[in-house]
Amino acid sequence: MLTLPINTLQKMKTTAIIGGSGLTQMTSIKIIEQKQFQTPYGSPSSACTIGEFCGQKVIFLARHGDPHKIAPHKINYRANLWALKQAGAEQIIAVAAVGGITSEMYPARIAIPEQIIDYSYGREHTYFAEETGAVDHIDFSFPYDENLRQQIILSAQSLEINIQAGGVYGCTQGPRLETAVEITRMQRDGCHLVGMTGMPEAALARELQMPYVCCAVIANWAAGKSAGEISMPEILKNLGQGMIDTEQLLQRYFLTHTSLQD
Ligand code: HPA
């Protein structure tokens, strides 16, 4: 008889996957319900797909809408996270396209960052609004949930997917890409990756007490890090490859986290 070590017999938290550019739908989810939530903060980017993935409950939301049409600075992050919570999410795996700044962050690779620097501005970034009178200052020293990060990293390692387990994600405003010297400055600041959607998403998840991790799929070398212009065909090609690995990684994570769900 198969015996499982006691610590694998934990009930898996209900997981939400937020799909970014390149992951607007997950066809491998067996759909139970598509639910359009309304929130005190307005409408989320898309309906929540509630379904089954590798034998587990999953909730999927397309960050940029389905079809992909909402620019990073126009995403209603507060409504998205609120809707996921309403749908029953207890933890979040956020898939996001990024540019690679440092040499180990090459295109089509996946990174699981451990820190964030936020360069975005003007986004609705908190649930603690003046008008409600409720203000709290969440601890955000370590923006990603370390437990969940390690579980995702282990899943990748067991599949021999060559991920980069770490890195600092710099979140820019977009939708334009950066200048070469903006990237030089970000590298000086300590960033390894650049993306446009990591914030305020991660902080809002923390405010709602949902552990959050990012699977960053490297779509291109960041500005000034390769010869020539950054082209959309190149981005799409790399994202295509990276998303194949990402779906495999998600499958492995869901399959190896034995469900004792009722
Ligand atoms: N910069 C910012 N966001 C991105 C990039 C980039 O180079 N590539 C994919 N998302």
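Atoms within each ligand, like the ligands themselves, are counted from 1 in listed order. Note that the structure is a prediction, hence the values are computed from the model and not measured.
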(request) Go through the structure and list residues passing salt bridge (Lys or Arg N to Asp or Glu O under 4.0 Å) with E207, not counting sequence neighbours. (result) none
(request) Please report the shortest heavy-atom distance between I183 and A222, naming the atom on each side. (result) CD1-CB, 3.7 Å
N/O pairs closer than 3.5 Å, ligand 1 and protein:
residue	atom	partner	partner atom	Å
ligand 1	1 (N)	E178	OE1	2.8
ligand 1	1 (N)	E178	OE2	3.4
ligand 1	7 (O)	N220	ND2	3.0
ligand 1	8 (N)	G99	N	3.4
ligand 1	8 (N)	N220	OD1	2.7
ligand 1	10 (N)	A97	O	3.4

(request) May I ask you to check whether H64 and T24 show a side-chain donor-acceptor distance below 3.5 Å? (result) no
(message) Using a strict threshold of under 4.0 Å (side-chain N to carboxylate O), is an ion pair present between K237 and E234?
(response) no
(request) Answer whether the closest heavy-atom distance between the side chains of H73 and S120 falls below 4.5 Å. (result) no
(message) Using the rule side chain to side chain donor-acceptor pair (under 3.5 Å), only one of E33, K35, Q34 pairs with T49; which is it?
(response) Q34
